[in-house]
Number of protein chains: 2
Amino acid sequence: MSKDKHRSNCPISCSLELWGDKWSLIIIRDLMFAKQCTYGDLLKSEEQISTNILAARLKTLEQNMVIEKLEHPNSKLKVLYKLTKKGIELLPILIEINLWGEKYYADIPDRTKALLKDVKKDKKSFIRRTMKKLDID
Amino acid sequence: MSKDKHRSNCPISCSLELWGDKWSLIIIRDLMFAKQCTYGDLLKSEEQISTNILAARLKTLEQNMVIEKLEHPNSKLKVLYKLTKKGIELLPILIEINLWGEKYYADIPDRTKALLKDVKKDKKSFIRRTMKKLDID
DNA sequence: ATTTGTACTTGTAAAATGCAAGTAAATATA
DNA sequence: TATATTTACTTGCATTTTACAAGTACAAAT
């Protein structure tokens, strides 16, 4: 009847209810920069997510159409996860978090620094290029 | 000895460890658009944070210099919370979350819509103006 | 002197997390 | 062909976090 699943209609609040935790954006980050990952790939991330949490997050993100499952071309045993358009559009958020984090935390990895240098040169272009790369199947 | 409090040195991961939960950015949002709030003001938000969670988050955010406490000019009983420079600089993240959320959730409040219309007209100018407003004590 | 307002703290049940181990099906290997 | 291994999960359980209700301490208003 009523749409009362949200604590409020504030877009920030609704967004946080979906991916506002310590893991969802890590998964999304990995998919954003690796394009496609298997479950095993995601487990390999430096942050060491545990298997049950990963499975739970993937399920929620899929149900909310942020990611989707794909058949692996070479194996029926493997599953490919990728971002949907809705997921890809989280890129500007990830970029701003990256930029803020770069400013306030030390020992940023070189890869990240290089990427952010590119971002700072021309943010819009970076977003366009990255999104385009992700969009091509 | 070692700086091993972080799961990784990824700026996204470090950021999420600090404010990657369902409440921190709600508090920061309120401070961003109200400039200064008392504890009671923050409790009044539509999302209905509970008192112990609010106290815990305020403590963490203060310890990490995202917010600071101020004396209330009219009362020793009240406490004013405001964003530090570090906190104010979360504005671009809040804006991008707002824009994403606006696109994927329904029934966005009119105030928010109006604000985002302004943002979309000229994002940089909006950020500059909002930050300036917050900076003036 | 008593009540109210404000910023918390405390207790406790419920939920989420983190870790270790287990399972089922597909594939690789002997 | 039989066995082992890989892959994507699930399950059980201890620990931690959350949510709700109530309580406390001090300032200020009545």
Side-chain angles (χ1 to χ4, degrees), chain A residues 4-8 13-14 16-28 30-31 34 36-64 66-83, chain B residues 4-8 13-14 16-28 30-31 34 36-64 66-83:
Chain A
D4 253 52
K5 40 185 172 186
H6 295 298
R7 11 176 225 192
S8 84
S13 177
C14 294
L16 292 176
E17 284 183 62
L18 172 52
W19 46 257
D21 64 85
K22 304 223 179 302
W23 291 111
S24 295
L25 285 183
I26 294 291
I27 296 167
I28 290 163
D30 287 348
L31 292 173
Q36 286 181 335
C37 289
T38 63
Y39 185 86
D41 291 336
L42 292 167
L43 280 179
K44 280 175 210 139
S45 283
E46 206 185 346
E47 288 85 6
Q48 299 267 44
I49 190 168
S50 54
T51 57
N52 53 344
I53 307 288
L54 176 57
R57 290 295 177 283
L58 289 173
K59 194 177 174 185
T60 303
L61 291 173
E62 196 196 355
Q63 285 170 342
N64 286 276
V66 172
I67 64 174
E68 60 186 333
K69 279 175 155 186
L70 253 70
E71 283 181 16
H72 194 285
N74 305 333
S75 166
K76 281 179 187 169
L77 190 46
K78 292 185 183 177
V79 177
L80 279 179
Y81 288 97
K82 65 167 294 200
L83 296 169
Chain B
D4 253 51
K5 39 185 172 184
H6 295 298
R7 10 177 224 190
S8 84
S13 177
C14 295
L16 291 177
E17 283 183 61
L18 172 52
W19 48 255
D21 64 84
K22 304 225 179 300
W23 291 111
S24 295
L25 284 184
I26 294 291
I27 296 167
I28 291 163
D30 287 348
L31 292 172
Q36 286 180 335
C37 290
T38 64
Y39 186 87
D41 290 336
L42 293 166
L43 279 179
K44 280 175 211 140
S45 283
E46 206 185 348
E47 288 86 7
Q48 299 266 42
I49 191 169
S50 54
T51 58
N52 55 343
I53 307 288
L54 177 57
R57 291 295 178 283
L58 289 172
K59 194 177 174 184
T60 303
L61 291 173
E62 195 197 354
Q63 284 170 342
N64 286 277
V66 172
I67 64 173
E68 59 186 333
K69 278 175 156 188
L70 254 69
E71 285 182 13
H72 194 284
N74 305 333
S75 166
K76 282 179 186 168
L77 189 47
K78 292 184 182 177
V79 177
L80 280 180
Y81 288 98
K82 65 167 294 201
L83 295 170

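Within every chain, numbering begins at 1; the chains are lettered A, B, ... in the order of the sequence lines, protein sequences first and strands thereafter. The structure displayed is predicted, hence computed values, not measured ones.
- Of the side-chain N and O atoms in B/Y81, one or more sit less than 4.0 angstrom from OP1 or OP2 of C/dC8.
- Environment of CD in A/E71: sparse, with no more than 12 heavy atoms of neighbouring residues, nucleotides or ligands closer than 6.0 Å.
- The base of C/dA16 lies outside donor-acceptor range of the side chain of A/D21, with no N or O pair under 3.5 Å.
- Taking atom CD of B/E71 as the reference point, atom P of D/dC26 lies 18 Å away to the nearest angstrom.
- The structure places OG of B/S13 at 7.0 Å from CH2 of A/W23, a figure rounded to the nearest 0.5 Å.
- Candidate nucleotides C/dT27, D/dA22, C/dA7 were compared by shortest atom distance to the side chain of A/S75, and C/dT27 ranks first.
- The side chain of A/K76 lies closest to C/dT27 when the candidates are C/dT6, C/dT27, D/dT11.
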Next on the checklist: With side chain to side chain contact (heavy atoms under 4.5 Å, CB included) as the criterion, how do B/I26 and B/L42 come out once you've worked through the C-alpha distance, each side chain's angles and the decisive distance to 0.1 Å?
Outcome noted: CA-CA 9 Å; B/I26 294 291; B/L42 293 166; over 6 Å; no
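- As rounded to whole Å, 13 Å separates atom P of D/dC9 from atom CG of A/D41.
- Between the NZ atom of A/K22 and the C1' atom of C/dT17 there is a distance of 12 Å, rounded to whole Å.
- Judged by distance alone, with hydrogens and angles left aside, A/S50 brings no side-chain donor or acceptor close enough to the base of C/dT17 to form a pair under 3.5 Å.
- Candidate nucleotides D/dT7, C/dG18, C/dT17 were compared by shortest atom distance to the side chain of A/L77, and D/dT7 ranks first.
- Atom NZ in B/K78 sits about 5 Å away from atom P in C/dT6, given to the nearest Å.
- In this structure, the CD1 atom of B/I49 is 14 Å from the P atom of C/dT9, given to the nearest Å.
- Projected onto DNA chain C by closest heavy-atom contact, A/R57 and B/L80 fall at different nucleotides, the more 5' of which corresponds to B/L80.
- Closest contact between the side chain of B/I53 and the listed nucleotides C/dC8, D/dT18, D/dC9 involves D/dT18.
- Distance from the side chain of A/T51 is smallest for D/dC9 among the nucleotides D/dT7, C/dT9, D/dC9.
- When each of A/K69 and B/N74 is assigned the nucleotide of DNA chain D bearing its nearest heavy atom, the one mapping closer to the 5' terminus is A/K69.
- Counting to the nearest Å, the C1' atom of D/dT18 and the NZ atom of B/K59 are 17 Å from each other.
- Residue A/L61 contributes atom CG, which lies 13 Å from atom P of D/dC9 at whole-angstrom precision.
- Listed candidates were D/dA19, C/dC8, D/dA8. Nearest to the side chain of A/Y39 is D/dA8.
- One distance of note links NZ of A/K82 with SG of A/C37; it measures 12.5 Å at 0.5 Å rounding.
- The distance from atom CD1 of A/I67 to atom CG of A/L83, rounded to the nearest 0.5 Å, is 8.0 Å.
- In this structure, B/L70 atom CG and C/dA7 atom C1' are separated by 16 Å, rounded to whole Å.
- The phosphate of C/dG18 has OP1 or OP2 within less than 4.0 Å of a side-chain N or O from A/W23.
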